[in-house]
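Notes follow once the structure below has been shown.
Below, read A as the first sequence line, B as the second, and so on, with proteins coming before strands; counting in each chain starts at 1.
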Amino acid sequence: MDWLERVFNLPSNKKNELSSASIRDISLTNINIVSKISDITPTAQFFLGPYYSEKNILTPIPAHYESTRMVLLREIAPHFNKTTEIKHIASNRIFMYNLIDVNTNSLAAFCELLEQNQLQQLIKDIYFTSYGNPLLNEREEKQLAYYKLLTNSFPVVSSETFNETWKFLHDTYLEYQGYLAIRPTNWFKSEELANSPMLAYLNKKWNDIYLAINETSNKVEYIILG
Amino acid sequence: MKKIIFTVLMLAVMLISPLSAFADEVNITSQTSGSFTVNVPDYSVSSESSARAVTGSLNVECTAYNATHFVACSWDAELTNDKIVFSNLTMSFQKYSSDGWHTIDTVSFFYSVPYVSKIYNQATFTVPDETFAQYRCIMTGSVTGQDVGYNYLPPTYSNVAYIGDAV
């Protein structure tokens, strides 16, 4: 595959003062989100997607900007039954939210969007499009190999409806921790993956993109932007 | 007759030798697995056998709220050279009485986590209105690192949180 290059090290994480704070320096507060919304924006779809196949997920979202907090609290958190605000006590700065326990009505509405083919197309690509086939292997080992995407191998893809989501992901994960990991559901290393609109979109937005591939099954465990 | 006896003896030798080999295998396994036995269906590489050094930490802190009669225990878990993808931790909430500490509640934190270095969470416990009581919690369990698999974190005790007036 001439669009993938095997690499042996990923770039190191971005360190910041808040992430290195001791547990004594932070406070965790469960907050009550009163508004219940029926609209599921593309950004909410991005975070609800993994819950389609697995319910027991903790979703931590860095949120050190006021603008991202507003998106999080208005568009995403209402779809969860438990939202925890994590604050650095000395600086009085909120730096992260935990979302736990997806709302069953929200998940049902998400499934309805899927059935009616109304999910945002790039989100559908990550969670509900299959590429390649798993290697049939009796071993259940999970050794990861990392591959870097070669940037000039993809067509230019733009998506007006995903741009807000991209901005949110950029201003939260990429700004705060220096990387973003997206977990596609049914992607396997194959030539077909070069046709993924999501990979093409990300390739236009970010320079260093890696695929973490399970060498035993060929499953793409993560798309890592770092 | 001699032929039958010989055949029976040969069969016995063939049966015994794989059994003894199996016994050796069991011994070797128990020696190398160290102080804990892990059933790891998805990950073959444990933190002990990995060539890549991974260090992790687990911290827990309890705060008592006298006015509202609850104790909040917050924790964080971190892997310094890996990303956490799963947490399987248990918080045992304990109260001190004259014969020692007793667990009065437990909370599990059993979650998939989307590839982050550090996770935070908490549990709150409502406690009775008493003149004086002492509480703490113990965190036990593991977090799973993406590259190294299961990473057992040592049991970690919180501080002691006091409800009521300290004597």
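- Here the straight-line distance linking atom CG of A:N56 with atom CZ of B:F86 works out to 7.0 Å at 0.5 Å rounding.
- The parts of A:I57 that come within reach of chain B are both its backbone and its side chain, each placing non-hydrogen atoms under 4.5 angstrom from that chain.
- The residue among A:I100, A:N30, A:T84, A:I86 with the most heavy atom pairs within less than 4.5 Å of chain B is A:I100.
- Remark: side-chain polar atoms of B:N59 are not paired, donor with acceptor, to backbone N or O of A:S22 under 3.5 angstrom.
- For chain A, the nearby parts of B:F110 are the backbone and the side chain; heavy atoms of each come within less than 4.5 Å.
- We find the CG-OH distance between A:L58 and B:Y120 to be 12.0 Å, quoted to the nearest 0.5 Å.
- Residue B:Y157 places its OH atom among 12 or fewer non-hydrogen atoms of other residues, nucleotides or ligands, all under 6.0 Å distant.
- Only the side chain of A:I224 comes within less than 4.5 Å of a heavy atom of chain B; its backbone N, CA, C and O stay farther away.
- Note: B:Q122 CD to A:S27 OG = 8.5 Å, rounded to the nearest 0.5 Å.
- One distance of note links NZ of B:K118 with CD1 of A:I23; it measures 7.5 Å at 0.5 Å rounding.
- For the pair B:K83 and A:Y179, the cation-pi criterion (under 6.0 Å, within 45° of the ring axis) is fulfilled.
- The distance from the OH atom of B:Y115 to the CG atom of A:L180 is 10.5 Å, given to the nearest 0.5 Å.
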